[in-house]
Amino acid sequence: MEKVVLAYSGGLDTSIAIKWMAENYRVDTIALTVDVGSNDKDLSKVQERALKTGALKAIVIDARETFVNHFIFPALQAGAIYEDSYPLATALARPLIAKLLVDVAREEGATAVAHGSTAKGNDQVRFDASVMALAPDLKIIGPTREWKMTREQEIDYAQKHDIAIPVTKASPYSIDVNLWGRSCEAGVLEDPWTEPPADAFGWTKSPDQTPDEPLYLVIDFEQGIPVALNGQKMTGVDLILKLNDLAGEYGVGRIDHVENRLVGIKSRETYEAPAAVVLLQAHQALEDLTTSKDAARFKKLVTQAYSDMVYNGLWFSQLHQDLAAYVASSQRSVTGSVRMKLWKGTSMAVARKSPYSLYNFGLATYDKGDVYQHDAAVGFIRLWGLSQQNQASAQVLSPVDAVKSMNPPRDVKVAK
Ligand code: ARG
């Protein structure tokens, strides 16, 4: 029999998928569970369940380090955020899982890969497009988007085929978790006029239940990569885990977003991304200090293109490779420390320093030590305003027009 490698989470969908693919595609399933930091799961249990459910083989890969170093941190350096809101946790993990599906398919001689994403989401696009780029010859099966069963029918199917239904208590939401964030949708969240209820959140305290005193944190960066927290060096995985805990305790990182999916749907999702929010802010604060004005403005264009590309599933594209190279190069001087203040659901950078700081006290100060050439300012403005001055003397504006061009509010009387 031909073999398929399935991205297996241990939930109802992927558990049924093993039997369903055997019946409908006559394939043996190799279940692959990728650990990208789904914090509360005992993955050996998931592995056991895959075997009980009929998988030929069940493989677990701890990919947290790869996820952080090759996906999360490059995205942090890029300042990646979708539609100014979503730090892209789910979107970043998909190409990595796709890559591992392909690797395992090659090792095991499988002819197809499979995933449990629905036909309405972005995730199917990310899986499929990544596999298409990495292994154009592999078939892709998406059982959940093919079988058109309701949840009730899925449960019936499981019972009929003796598939143990996962014992986790059924959540009213669809939740996806990894180190960079927790994504939560469906249930009452489908009404964008309903405030997310308390049970939509799992990582963060409600800001009204957080400590009254602020928490200060110092984050050290080397070339745009966070390397230490409060002076203590740590691995990326540990730093993110620690920050998720700390910032979550202070209610930081809650996001309520109506977003534009690639497949044409507007959807409402809540995110919790305590570490991502704090690190993106801190990183931006350090770039503000160390990046020239022109480079900073250009970086914004790159950030926008990069974020859309990640969201839209084009990680393994040529454009990504080229943007990533730009981003990496842009981080040469993004080294230094940022002090963050966390309080009641907010976080902000309150201090920053860098050996490569472009902040020049002598140029900036209004006090003693001023080295700025004041008369140069006068000369500069003479040329800066020259074109306007020239136009004004050639094409005389009436005083009435001049005032109108200021868009005066209606109740301002303009003298004739
Ligand atoms: N909307 C997010 C994205 O497209 C998250 C998708 C998965 N969300 C979930 N709750 N299962 O990246």
Side-chain angles (χ1 to χ4, degrees), residues 7-15 17 33-34 36-41 46 67 71-72 74-76 78 80-98 115-130 142-145 151 154 166 168 170-192 194 196-197 199-204 253-274 276-277 280 303-304 306-316 320:
Y8 183 74
S9 69
L12 180 60
D13 285 342
T14 48
S15 295
T33 304
V34 179
V36 279
S38 41
N39 48 6
D40 45 16
K41 266 186 222 150
V46 174
F67 185 39
F71 292 80
I72 292 179
L76 170 64
I81 192 146
Y82 186 63
E83 294 181 340
D84 299 325
S85 302
Y86 162 43
L88 292 161
T90 300
L92 283 164
R94 298 319 191 189
L96 170 56
I97 297 171
H115 58 74
S117 302
T118 71
K120 298 181 77 169
N122 298 309
D123 287 326
Q124 55 168 346
V125 181
R126 298 167 184 150
F127 279 128
D128 290 12
S130 298
T144 36
R145 66 184 165 191
R151 199 173 162 83
E154 288 184 13
T168 48
S171 158
Y173 306 109
S174 158
I175 297 168
D176 180 64
V177 168
N178 66 47
L179 282 168
W180 205 227
R182 179 179 186 272
S183 310
C184 180
E185 66 178 0
V188 294
L189 296 174
E190 286 181 354
D191 177 359
T194 296
D199 70 353
F201 298 104
W203 279 14
T204 54
R254 292 186 167 194
I255 296 155
D256 178 351
H257 185 206
V258 173
E259 75 195 40
N260 293 293
R261 284 190 196 159
L262 178 62
V263 292
I265 300 168
K266 266 196 199 296
S267 73
R268 196 279 192 92
E269 185 134 13
T270 59
Y271 299 101
E272 289 170 282
V277 164
L280 282 161
T303 295
Q304 168 86 43
Y306 186 106
S307 308
D308 282 346
M309 190 197 57
V310 169
Y311 188 85
N312 293 335
L314 300 178
W315 183 270
F316 294 106
H320 173 249

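Atoms within a ligand are numbered from 1 in the order they appear, just like the ligands themselves. The first residue in the sequence is number 1, and the count goes up from there. This one's a predicted model, so the numbers in the text were calculated from it and none came from an experiment.
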For ligand 1, the portion of Y82 having any non-hydrogen atom under 4.0 Å away: neither

Flag for N260-Y82: side-chain donor and acceptor within less than 3.5 Å: no

Ligand 1 to D123 polar contact by distance, N or O atoms, under 3.5 Å: no

Residue pairs fulfilling salt bridge (Lys or Arg N to Asp or Glu O under 4.0 Å) with at least one residue in residues 173-182, sequence neighbours excluded: R94-D176, R182-E272

Per-residue contact class, R94 against ligand 1 - non-hydrogen pairs under 4.0 Å: neither

Region of R261 engaging ligand 1 - heavy atom pairs below 4.0 Å: neither

Ligand 1 to T90 polar contact by distance, N or O atoms, under 3.5 Å: no

Identity of the nearest option to atom 1 (N) of ligand 1, non-hydrogen atoms only, from E185, E259, R126, R182: E259

Minimum-distance protein heavy atom relative to atom 9 (C) of ligand 1: E269 OE2, 3.3 Å

Spacing of D123 atom CG and L262 atom CG [to the nearest 0.5 Å]: 11.5 Å

Test of ring centre spacing under 6.0 Å for H257 and Y86: no

Partners meeting ring-ring contact (aromatic ring centres under 6.0 Å, His included) with W180 (sequence neighbours left out): none

Whether G121 lies under 4.0 Å from ligand 1, heavy atom: no

